[in-house]
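Inspection log for the structure reproduced underneath, given as structure tokens.
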Amino acid sequence: MNKQAAKQLAFLLCLVCAHTGAALAQAMTYAPPSVAVIEDAPPAVRQLLQQASTLESEPDSANTTDKLWQAAVLYCQASRWGSAEGQYRLGMLYAFGQGVPANQAFAASLFSLAASLGHAQAHQMLDTIELTSAALPACVNQDQLPERAPAPPPFYHDLPADLHPGNGLSIEKYLLTLPNHKRWLIPLTTTMSAWYALDPKLVLSMIAVESNFNTSAQSPKAAMGLMQLIPDTAERFNVRNAYDATQNLRGGMRYLRWLLSYYRGNISYAAAAYNAGEGRVDRYQGVPPFPETRAYVRRVLGLYGSARHAFDESLTGASPWLAAGQR
């Protein structure tokens, strides 16, 4: 991504990051702790969870970052007292940089602690974050305050001239048309893309084509959710609930990352395989002659604006026909 494109995407993220407190909670099926969870906790822990949950569920405002940091302070204390729910909630804040600075290692350790105590959602997040760590924030081991996340930039209502129609920035322009109730998916996707070494612009382009950012989308062929996972793909990448945003993105990104490795960074082939299956791409040794698949590839490439992507060759060997052609 060149500097200009990076600036454009960064500006777009500024539009949503200032409004991602309660909205990003929605991204992670991050509802307040259930009544049962709170009632089962010891009285002192119960009070901490209730107070933190209230802070998290308040509407976004200019001091959202401060409120989420206050929630992190409470979750730190609950974590020190052995609360799996507190550890999980604090891990979510660190995973997505809400109230505290983003830190995958801290998140992974907190999810591991909570999962060891039987917390199912923490176990799912360990699958998503794909990281093993023993590092814990200092506030979990001793009575001290966690670091604060930097305040987000102000929300801008006027767009700069280089984001106006006619500049060829397809995915950026598309994202600017998203209604507010879908914009929380942009920072979620951007954060998770980094975990899987994917350009967020490519993932966002595919989501736009697959589901138009509809988490409950379902196709006549039983493809589900944001990245339209078919049941076989969901099972292949251990996605238990394809309508959960984080699980769906995890499965779709892991599959996309594998396809990019298999087709050695060729986005046309990877996108065609995502739509029609790698077996058909291999059979036709390229984009299959199916109108739906060809239209799909054209739309993804048109939004993304590039035909190549970096890939990790250690994930899998190259497609046999592609490897033969490269000899």
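Along the sequence shown, residues carry numbers from 1.
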When you check the gap from the basic side-chain N to the acidic O, do [X] and [Y] get nearer than 4.0 Å?
X: D127; Y: R240; result: yes
X: R80; Y: D143; result: yes
X: R254; Y: E130; result: yes
X: E278; Y: R236; result: yes
X: R299; Y: E210; result: no

With side chains defined as the heavy atoms from C-beta onward, is the minimum distance between [X] and [Y] less than 4.5 Å?
X: S211; Y: M227; answer: no
X: I207; Y: L185; answer: no
X: L249; Y: T189; answer: yes
X: Y304; Y: I267; answer: yes
X: S268; Y: L301; answer: yes

Evaluate S261 against D312 for side chain to side chain donor-acceptor pair (under 3.5 Å), listing each step before the verdict.
CA-CA 6 Å; S261 179; D312 182 354; 5.9 Å; no
Within the 3.5 Å criterion, strictly below it, is a donor on Y269 or D282 matched to an acceptor on the partner's side chain?
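There is no such pair (donor and acceptor under 3.5 Å, judged by atom type) between the side chains of Y269 and D282.
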Would you please say whether a donor-acceptor pair under 3.5 Å links the side chains of Y75 and E56?
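Side chains of Y75 and E56: pair found under 3.5 Å.
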Quick check on the 6.0 Å ring-centre criterion: do W258 and F311 meet it?
no
What about F96 and W195, are their ring centers closer than 6.0 Å?
yes
Treating T128 as the side-chain partner and Q124 as the backbone partner, does any N or O pair qualify as donor plus acceptor under 3.5 Å?
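Yes: the side chain of T128 pairs with the backbone of Q124.
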Check against side chain to side chain donor-acceptor pair (under 3.5 Å), E85 and H119:
CA-CA 7 Å; E85 184 68 20; H119 198 292; 2.8 Å; yes
In this structure, CG of L303 is separated from CZ of R298 (nearest 0.5 Å) by 13.0 Å
Within 6.0 angstrom of Q218 CD, more than 12 heavy atoms from elsewhere
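Yes.
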Near Q285 CD, under 6.0 Å, is it more than 12 heavy atoms from other residues, nucleotides or ligands?
yes
Do [X] and [Y] sit in one hydrophobic cluster, given that two such residues count as connected whenever their side-chain heavy atoms are within less than 4.5 Å of each other, even indirectly?
X: W81; Y: V73; answer: yes
X: I230; Y: Y255; answer: no
X: L136; Y: L117; answer: no

Between W321 and Y263, what is the ring plane arrangement, given parallel below 30°, perpendicular above 60°, and tilted in between?
tilted
Plane angle bin for Y284 and F290 - parallel if under 30°, tilted between 30 and 60°, otherwise perpendicular
perpendicular
